[in-house]
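Side chains are part of it too, since the values below use all heavy atoms of this structure and drop only hydrogens, waters and symmetry mates.
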Amino acid sequence: MSSLCPFAKAGTAAGGVCPMKSDKKQPDKNVSGAATCPVTGKNHIAENKESNTDPAGEESAEDPRVVPAKCPFGYDSNTFKLGPLSCMVCQALLHDASKCTPCMHKFCKACISRFKDCPLCGADVEGIEPDAELQALVDRFINGHARIKRSLAGGDNEAADGKSKVIYEDVSMERGAFLVQQAMRAFRAQNIESAKSRLSMCAEDIREELKSSEDNLDLCSQLGAVLGMLGDCCRTLGDAPSAITYYEESAEFLLKLPTKDLELVHTLSVSLNKVGDLRYYDGDLQSARSYYARSLDVRRNSVKEHSAVASQVIDLATSLAKVADVDRNLGNEEAAVEGFEEAIQCLEKLKLDSEQAGLEQRRRSVLDFLQKQLDDK
């Protein structure tokens, strides 16, 4: 999982409008209390008037043959301002908030535990103490943000408790997008437990919404994406059984979606491959081949409809290589050679221009691997 998660619809980039934000109106500056942040006490509306541009809009001029990687909710990881509830190490909201003694600076427990000196002042860290009061404030911030955004979406003039609503202008996004953003920040900084916690909250929210709207494809897409991220967290933590469960459930939801969406096709095939990888490393080659073959089928069908999309062709070659590698380990050398040769043919036919240097590097890397496999037969 990267700071830009790879689970957005390809249509988001093509249309230049975030699907989760396109029908939202900008908050009314005249709403009582709207201009004051309850955390910083500052007026963020004027400060951030130009900072709420939909980041998806910048992608419209990209090469249509390349499927861009975006957050499933249409946001990148640069729209949240650090504040007193943020950890200065992972740059996400505090998780398991702790203070180091004697300087009393506050960080996530997992973050500060990696240091012998305080990252802020350089003082020796003699001990780490939990800060339950601060963590409770962070939790209330998240819950308050969710409640406020729901009331805005429903057009109510007051929050659920009857008080005037407050708009967190520097966190102006839906709860799901906000939690995913925080998770990506934490994951990038190797605070995996924090990332897993935020993603679990997000998945729980989406499941709750699906109870009343089981056929909502957008929700299925979002849940499939988040479950895949949870699988990445568990895999990083060494919890292979949980990772497999999340990847399989991710694939289950993504299979409900139209196969014409290239980004979702990519996500589905990656989830299946990740299960195959874990089965492979566990020594279960037959099960690994089954998952690799399912991913291969998904990618074959995608290339039939989108043969001009270079990234899809490279994905297909990668899947062919995975299946062939397992065939070789199972003793089926003839099938393995056929798979490697088909993958090489796919890549040799693929012509990329100078503006696709990243894809060309990836194509060459896969091609070198395949040719080495044939040389070793």
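Between the CG atom in L359 and the CG atom in L350 there is a gap of 8.0 Å [rounded to 0.5 Å]. Atom CZ of F178 and atom CZ of F141 lie 5.0 Å apart (nearest 0.5 Å). With rounding to the nearest 0.5 Å, the separation of SG in C118 from NE2 in H105 is 5.5 Å. Atoms CG and CZ, on L217 and F253 in that order, are 12.0 Å from each other to the nearest 0.5 Å. Taken to the nearest 0.5 Å, the CG atom of L199 stands 11.0 Å off from the CD atom of Q182.
Residue pairs meeting the salt bridge (charged side-chain N to carboxylate O under 4.0 Å, His left out) criterion with at least one partner in residues 87-103, sequence neighbours excluded, are absent.
Without hydrogens or angle criteria, S242 side chain to D239 main chain gives no donor-acceptor distance under 3.5 Å. Counting only distance, with no hydrogens or angles, the side chain of R328 and the backbone of Q373 share a donor-acceptor pair below 3.5 Å. A side-chain donor-acceptor contact under 3.5 Å links R185 to the backbone of Q91. Panel note: side chain R363, backbone L347; a donor-acceptor pair is recorded below 3.5 Å. A donor-acceptor pair under 3.5 Å links the side-chain atoms of Q135 to the main chain of A97, judged by distance alone. Distance alone, capped at 3.5 Å, is enough to place a donor-acceptor pair between the T318 side chain and the I314 backbone. One N or O on the side chain of T267 and one on the backbone of E263 form a donor-acceptor pair closer than 3.5 Å. E341 places no side-chain N or O within donor-acceptor distance of the main-chain N or O of E338, the cut-off being under 3.5 Å. A donor-acceptor pair under 3.5 Å links the side-chain atoms of T245 to the main chain of P241, judged by distance alone. At distances below 3.5 Å, at least one donor-acceptor pair connects side-chain atoms of S250 with backbone N or O atoms of G224.
In terms of heavy-atom proximity, G231 sits nearest to A243 at O-CB, 3.5 Å. Of all non-hydrogen atoms in L316 and C346, the two that sit nearest each other are CD2-SG, 4.1 Å. Smallest separation of non-hydrogen atoms from L352 and A310: CD2-CB, 3.5 Å. Scanning both residues, L94 and C108, for their nearest heavy atoms gives CD2-N, 3.5 Å. Closest of all the heavy-atom pairs between L254 and S221 is CD2-O, 4.2 Å. Closest heavy-atom contact between L179 and R198: O-CB, 3.6 Å.
Side-chain polar atoms of N191 and H95 form no donor-acceptor pair below 3.5 angstrom. Side-chain contact of S302 with Q312: a donor-acceptor pair under 3.5 Å is present, judged by distance alone. Defined by atom type and a distance below 3.5 Å, a donor-acceptor pair is missing between the side-chain atoms of D375 and Q371.
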field: Verdict with supporting geometry, K116 and E126, salt bridge (charged side-chain N to carboxylate O under 4.0 Å, His left out)
entry: CA-CA 8 Å; K116 294 183 178 180; E126 298 178 3; over 6 Å; no
Worked check of side-chain contact (heavy atoms from CB on, under 4.5 Å) between Q356 and D353: CA-CA 6 Å; Q356 297 175 290; D353 55 43; 3.4 Å; yes
message: Assess the residue pair S98 and F107 against the criterion (side-chain contact (heavy atoms from CB on, under 4.5 Å)); give the C-alpha distance rounded to whole Å, side-chain angles, the decisive distance to 0.1 Å, and a yes or no.
response: CA-CA 6 Å; S98 301; F107 310 89; over 6 Å; no
- request: Step by step, work out the salt bridge (charged side-chain N to carboxylate O under 4.0 Å, His left out) result for K372 and D368.
  value: CA-CA 6 Å; K372 184 177 184 300; D368 290 344; over 6 Å; no
task: Could you walk me through whether S295 and R299 pass the side-chain contact (heavy atoms from CB on, under 4.5 Å) test, one step at a time?
output: CA-CA 6 Å; S295 176; R299 290 177 172 180; 3.9 Å; yes
message: Assess the residue pair E208 and K211 against the criterion (salt bridge (charged side-chain N to carboxylate O under 4.0 Å, His left out)); give the C-alpha distance rounded to whole Å, side-chain angles, the decisive distance to 0.1 Å, and a yes or no.
response: CA-CA 5 Å; E208 196 65 30; K211 289 180 180 179; 3.4 Å; yes
- request: Would you please test R207 and E249 for salt bridge (charged side-chain N to carboxylate O under 4.0 Å, His left out) and show each step?
  value: CA-CA 12 Å; R207 290 185 197 277; E249 192 175 5; 2.7 Å; yes
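Looking at D284 and R289, no side-chain N of the basic residue comes within less than 4.0 Å of a carboxylate O on the acidic one, giving no salt bridge. K106 has no carboxylate O lying under 4.0 Å from a charged side-chain N of E133, or vice versa, which leaves the two without a salt bridge. The residues E193 and K196 are annotated as not salt-bridged, no charged nitrogen and carboxylate oxygen being separated by less than 4.0 angstrom.
Side-chain contact between Y246 and C234 is present, with heavy atoms from C-beta onward closer than 4.5 Å. Counting only heavy atoms from C-beta outward, the side chains of V180 and M184 approach each other to under 4.5 Å. With a 4.5 Å cut-off on side-chain heavy atoms, Y247 and L227 do not count as touching.
The side chain to side chain donor-acceptor pair (under 3.5 Å) test with Y292 is passed by exactly one of N273, D297, D277: D277.
Under the 4.5 Å side-chain heavy-atom criterion for grouping Ile, Leu, Val, Met, Phe, Trp and Tyr, L230 is not connected to V270 through any hydrophobic cluster. Cluster annotation: L120 is not connected to M104 through the hydrophobic network of ILVMFWY side chains, with a link wherever side-chain heavy atoms come within less than 4.5 Å.
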